[in-house]
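By convention in this document, chain letters (A, B, ...) are assigned in the order of the sequence lines, proteins followed by strands, and residues within each chain are numbered from 1. Only this structure's heavy atoms are used, side chains among them; waters, hydrogens and symmetry mates stay out.
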Amino acid sequence: MAMTSMSAVPAPLSPGPCGHASVVYSDDREWAGHLVPFVRAGLERGEQVQYFADTTDPDRVMGALASAGLDPARAAAEGRLVVTTAARTYLSGPAFDPDMMMGLWHQAMDTALAEGHRGLRAIGEVTWGARDIPGADRLLEYELRLHHEVFEPLPLTAWCFYDSRRMPADRLAVLVGAHLTHLGGPVADPPLRLAPLPGRTGLRLAGSAGYDTRHAVRAAAAVVSGSPGGDVELDLSALRHLDVSSLAALAEAARRRGQGRLRLLRPPEPLRRLLGLFPELGACVEIAGT
Amino acid sequence: MTTHSRTTTYFRQPPGRGPGSGLFHPALFYRSDQEYLDAVGRFLRVAVRGRGDHALVAVPGRRLEPLRGLFEGVRGGEGDDPAGRITWVDMEEAGRNPGRILSLFREFADRHENSESRPAIVGEPLWVGRGTAETREALRHEALVNLAFAGRRVSVLCPYDTALPEHVLTQARRIHPVVTEDGRRRISHEYADPLDVCGSFDTPLPEPSDPLVIAFGEHELALARGTAEDWASSCGLSPARRTDWLLAIGEATGNSVRHGGGQGTLRMWRTGDSLIAEIRDGGRLTDPLVGRRRPDPRSPHGGRGVWIMHQLCDLVEIRAEAGSLVLRLHMTLD
């Protein structure tokens with residue numbers, strides 16, 4: 001376990017093609033193993049580093065950084081390091097709202113650059129996604145939309161910290177699957193994996209969708225109906241099966257989408273068969289690829 | 001010709017509605033091809049030419065051509081159907097699974113029934129040589145016609161070959177309020193409550209030997225689907241039928257978790273030329289017509305899953321047993 005997590009930690013000296021990664025840890029040592037190099041690299045590069053804690057006490061974040069030989073107090077005093085909590089910031093409203101979050105990231109980036117930092121990197125503990133807080137069910141939608149709406153246009157690096165002790169394995173698997181880059185402990189493949197489509201508005205669906213994956217499908221539908229821009233695409237080439245509920249949810253999302261169409265790329269036979277039984281579900285959907 | 005309205009006044013009139021406003025559901029026991037053509041042809045002429053109504057003819061394939069000949073033979077001649085009011089359907093295909101026939105009938109009737117019009121249907125889901133289980137479900141369909149069209153301005157003529165087994169003809173007399181037998185139309189004194197008739201078809205299902213068994217709850221649904229797909233593939237089910245198989249099982253197992261107490265058991269086995277999947281859960285069947293009307297695909301209620309199973313499978317058997325609901329889905333290996 002420790003070996004996996006340590007070997008998976010790269011030194012993020014330059015942001016990759018996508019700065020959005022999931023990080024899974026199962027104890028404090030693994031947590032610190034991811035935290036310290038990430039913050040050190042950011043400070044060395046002159047980027048502002050923000051840490052949004054959830055279950056971890058902010059003082060423990062500062063302590064872990066100090067133990068590793070960094071000077072977090074000075075960095076914080078100079079505004080190069082911000083350690084706060086989700087509850088005090090983006091979760092202080094009535095409910096977690098992905099639409100608002102997209103704006104917040106753009107604002108945070110503008111602010112960091114305006115204050116003279118060379119960039120922005122952030123860590124967010126998102127273990128609150130497993131708790132019963134308003135809007136927590138939209139975390140998956142948020143993770144999926146971040147890629148295209150925030151990370152592709154902005155030179156931002158952000159790691160989503162998942163504490164595997166505090167999140168059910170099935171939920172963790174789906175959320176981690178929504179990241180194109182994963183670090184830390186291994187996570188099982190979910191029955192239905194949703195991931196962003198690089199360079200386009202849309203998602204890739206892989207696996208098998210049924211009653212058991214209805215929450216993931218609801219998130220996919222939210223991405224379809226809520227993503228800004230023109231057309232939205234779902235790459236279904238790796239989807240083996242889906243039930244009528246899933247198709248109906250996606251079709252309804254396509255209908256609600258204000259602009260553009262929903263394009264389904266290389267849909268599997270079950271989807272074509274269902275459209276044969278229910279042609280009305282294909283009204284706002286375009287099929288592409290065989 | 002007013003035979004229809006005269007006869008329907010004898011039974012099951014919804015209160016407050018005049019003669020001719022209810023379902024007309026006669027059985028025709030025919031002894032020869034000629035008797036068949038004469039009687040069915042007369043029924044259709046009355047509907048299409050006499051009343052100007054639409055008709056749906058769903059009979060075994062080999063019966064279609066002679067009947068069509070009566071109506072499409074000579075343009076402008078006797079029995080012609082210039083307005084194209086008759087829809088012809090091969091029952092051996094459309095009614096391969098008897099559980100999907102009623103949905104077809106209802107869609108047709110819903111489209112054409114109104115205060116001026118009485119759509120006519122010829123439905124022949126039973127033929128000599130049909131399998132035991134299919135025959136039982138076809139008779140169940142026949143009994144459910146009485147429930148589905150109760151009080152509706154619809155005529156459904158059901159031809160029965162007198163060469164059919166006597167027990168089938170006996171059931172036909174219980175199912176149809178009016179029977180034409182030996183060329184004479186009479187009220188059937190054996191007519192019985194449709195629910196009682198259906199109950200007599202709820203015979204115990206044969207126990208399989210050595211089935212593949214998967215107990216599932218919500219977290220095992222994906223495993224159940226994956227196993228069903230792999231198993232069907234190893235049995236040689238063609239990719240197209242495998243899609244149907246998987247869709248049907250996906251809906252059935254999902255329904256178990258959603259409506260049937262949160263869990264169920266999937267059993268799969270092979271008999272002769274068919275694959276059978278049985279899904280057992282703690283659900284109840286409250287509506288005998290469930291899955292026999294085309295549903296709104298957006299609503300999880302109203303029998304959407306069962307309707308899909310009926311459309312995709314070659315036979316669906318449903319039994320309510322002590323505290324549990326059992327669905328058997330049959331898929332023929334082509």
Side-chain angles (χ1 to χ4, degrees), chain A residues 168-174 177 188-193 205-218 221 225 236 238-256 267-285 290, chain B residues 100 103 107 216-230 232-233 238-260 262-264 266 279 281 291 294-313:
Chain A
D170 54 338
R171 189 149 168 68
L172 184 66
V174 176
D189 252 350
L192 177 66
R193 185 185 168 187
L205 276 62
S208 169
Y211 181 67
D212 47 327
T213 66
R214 63 195 179 283
H215 301 297
V217 171
R218 199 174 303 151
S225 62
L236 305 181
L239 183 68
R240 292 195 315 279
H241 171 78
L242 88 170
D243 65 344
V244 70
S245 264
S246 303
L247 179 59
L250 296 174
E252 173 60 15
R255 198 187 59 77
R256 286 205 317 266
E269 273 311 308
L271 185 143
R272 296 172 187 273
R273 192 79 170 95
L274 286 173
L275 281 182
L277 292 176
F278 300 109
E280 62 265 51
L281 293 181
C284 301
V285 169
T290 50
Chain B
R100 65 172 91 118
S103 177
E107 256 189 276
F216 61 87
E218 181 169 343
H219 293 291
E220 291 79 32
L221 282 174
L223 171 77
R225 291 194 296 270
T227 309
E229 184 175 25
D230 294 345
S233 174
S238 69
R241 295 317 315 272
R242 216 150 66 213
T243 295
D244 293 349
W245 168 261
L246 183 55
L247 277 168
I249 292 177
E251 295 299 328
T253 51
N255 270 358
S256 292
V257 173
R258 183 176 210 152
H259 304 296
Q263 56 191 15
L266 169 65
I279 297 90
D281 61 42
R294 192 179 189 283
D296 178 347
R298 288 166 289 266
S299 167
H301 306 289
R304 183 180 61 182
V306 179
W307 185 84
I308 291 173
M309 294 172 223
H310 275 310
Q311 299 303 309
L312 301 177
C313 299

Test item: B:T243 and A:H241 side chains (from C-beta on) under 4.5 Å apart, heavy atoms: no

Minimum heavy-atom separation for A:D212 to B:A222, with atom names? OD2-N, 3.4 Å

Mind ranking A:L247, A:L281, A:V244 by heavy-atom pairs under 4.5 Å with chain B and telling me who comes out on top? A:V244

Please classify the contact between A:L242 and chain B as side chain, backbone, both or neither, with a heavy-atom cut-off of under 4.5 Å. backbone

Does any backbone or side-chain atom of B:R242 lie under 4.5 Å from a heavy atom of chain A? Answer side chain, backbone, both or neither. neither

Most chain B-contacting option - heavy-atom pairs closer than 4.5 Å, from A:A248, A:P270, A:A251, A:P191: A:P270

Chain A: which of B:R304, B:H219, B:E220 shares the most heavy-atom pairs with it under 4.5 Å? B:R304

Ignoring hydrogens and angles, tell me if any N or O in the side chain of A:R273 forms a donor-acceptor pair with the backbone of B:A240 under 3.5 Å. no

Give, as side chain, backbone, both or neither, the part of B:P239 having an atom under 4.5 angstrom from any heavy atom of chain A. neither

I'd like to know which of A:R240, A:E280, A:E252 tops the heavy-atom pair count under 4.5 Å against chain B. A:E280

Atom OG1 in B:T253, atom OH in A:Y211: separation rounded to 0.5 Å? 12.0 Å

Considering non-hydrogen atoms only, spot the tightest contact between A:F278 and B:P295 and give its length. CE2-O, 3.8 Å

In terms of heavy-atom pairs under 4.5 Å, which option from B:R298, B:E251, B:R258, B:R225 contacts chain A the most? B:R225

Would you mind checking which part of A:D170 comes under 4.5 Å of any heavy atom in chain B, side chain (CB onward), backbone (N, CA, C, O), both or neither? side chain

Rounded to the nearest 0.5 Å, what's the gap from CG on B:L246 to CG on A:D243? Could you check? 10.0 Å

Can you say whether A:L277 sits under 4.5 Å from chain B via the side chain, the backbone, both, or neither, judging by heavy atoms? both

Interface moiety of B:D244 toward chain A, non-hydrogen atoms closer than 4.5 Å: side chain

Counting only heavy atoms closer than 4.5 Å, note whether B:E229 contacts chain A via side chain, backbone, both or neither. side chain

Measure distances from A:A209 to the heavy atoms of chain B and classify the residue's part below 4.5 Å as side chain, backbone, both or neither. backbone

